[in-house]
Amino acid sequence: TPGKRPLISRWVVGSAAVGWMTAAACGVWYEIGDRQRSHVADALADRALASHGASLRASIAELEQLGVAGVEPLIGLAASQRPDVASAARQSVGRMLASWEVVATERGEVTMFAAQASVLAAALDAHGDQFGAEEQRWANQLAGRLVTHSDQFPTAES
């Protein structure tokens, strides 16, 4: 019939539309997931500040398990005036960086390491003025490790 597309053309257009809608939905879903992880990380950081002992260590461990989403709150906790909180957070960030280094050097996941390192560097920069002398030395050591790795990896990836 005149003016109607052939059946195959309608299938192609329909499939393309479904594909675009699926891709858009996945993008929105990922953004919602990022925001949710950020809210969880902030809540865990608040809980860590309000707790002591095993509860503090559990909150820090949960932040560490969040990966990149937990980095900024952990760096904020590392700048805390409470020595137990700051120490636990610094240890956690050190473990995270060490695990990222292993994955980057042994498995070749340099691009992923670059993204993780960027988040860590930004968090260090954002909280740098909150650090005392001990925390500043710690932050400088972390920054030194990041620079060392950026020198080891190809320019495009570092």
Side-chain angles (χ1 to χ4, degrees), residues 19-158:
W20 279 107
M21 289 187 310
T22 301
C26 287
V28 169
W29 183 254
Y30 185 76
E31 185 176 322
I32 290 170
D34 277 351
R35 275 192 248 150
Q36 184 65 25
R37 283 187 293 278
S38 177
H39 291 306
V40 168
D42 290 341
L44 286 169
D46 290 342
R47 189 170 79 190
L49 283 172
S51 60
H52 297 279
S55 181
L56 167 64
R57 288 188 298 278
S59 296
I60 296 289
E62 288 181 65
L63 276 167
E64 187 176 335
Q65 289 173 351
L66 285 176
V68 172
V71 168
E72 199 281 330
L74 280 169
I75 296 296
L77 292 173
S80 172
Q81 298 301 312
R82 282 188 42 201
D84 59 333
V85 172
S87 176
R90 287 193 311 264
Q91 290 172 10
S92 178
V93 171
R95 285 189 303 271
M96 289 175 77
L97 180 55
S99 72
W100 297 345
E101 290 168 337
V102 167
V103 169
T105 56
E106 292 182 5
R107 297 185 198 161
E109 297 286 342
V110 178
T111 304
M112 185 171 61
F113 179 80
Q116 294 163 326
S118 292
V119 170
L120 178 55
L124 287 170
D125 184 49
H127 293 280
D129 60 341
Q130 299 168 353
F131 291 136
E134 181 180 341
E135 292 85 9
Q136 190 64 51
R137 281 190 297 280
W138 169 79
N140 288 337
Q141 289 173 343
L142 284 181
R145 285 169 63 181
L146 295 176
V147 169
T148 298
H149 284 292
S150 69
D151 288 344
Q152 292 174 348
F153 299 137
T155 305
E157 293 168 330
S158 66

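Source: prediction; values computed, not measured. These values consider heavy atoms only, across backbone and side chains, with no hydrogens, waters or symmetry-generated copies.
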Could you give the distance from OG (S80) to CG (L74), rounded to the nearest 0.5 Å?
12.0 Å
Inter-residue atom distance L146.CG - L97.CG, 0.5 Å rounding
5.5 Å
Backbone of M96 reached by a side-chain donor or acceptor of S99 within 3.5 Å
yes
Are the side chains of Q91 and E64 in contact, using a 4.5 Å heavy-atom criterion?
no
Determine whether a donor-acceptor pair (N or O, by modelled atom type, separation under 3.5 Å) exists between the side chain of S118 and the backbone of A114.
yes
Do the side chains of L124 and F131 get nearer than 4.5 Å, heavy atoms only?
yes
So which atom in S59 and which in R47 form the shortest heavy-atom distance, rounded to 0.1 Å?
OG-NE, 3.0 Å
Heavy-atom closest pair, residues A89 and A78
CB-N, 3.5 Å
Looking only at non-hydrogen atoms, find the nearest pair between S92 and I60 and report the distance.
CB-CG2, 3.5 Å
Filter on salt bridge (charged side-chain N to carboxylate O under 4.0 Å, His left out), then keep only pairs touching residues 104-119, sequence neighbours left out; what's left?
none
First locate atom CG of D46, then atom CG of L77, and finally report the distance between them rounded to the nearest 0.5 Å.
8.5 Å
Nearest heavy-atom approach of E72 to A123 is CA-CB, 3.9 Å
Within the 4.5 Å heavy-atom criterion, are E134 and R90 side-chain neighbours or not?
yes
Atom CZ in R82, atom CG in L56: separation rounded to 0.5 Å?
6.0 Å
Would you confirm whether D125, through its side chain, and A121, through its main-chain N or O, come within 3.5 Å as a donor-acceptor pair?
no
Passing candidate, side-chain contact (heavy atoms from CB on, under 4.5 Å) with V93, options L63, L120, V71:
L120
Rounded to the nearest 0.5 Å, what separates atom CD in E101 from atom CD in Q116?
10.5 Å
S87 side chain to P83 main-chain N or O, any donor-acceptor pair under 3.5 Å?
no
Distance in Å, H127 NE2 paired with E135 CD, rounded so as to fall on 0.5 Å steps
13.0 Å
Nearest heavy-atom pair of P73 and G70: which atoms, and what distance?
CD-O, 3.4 Å
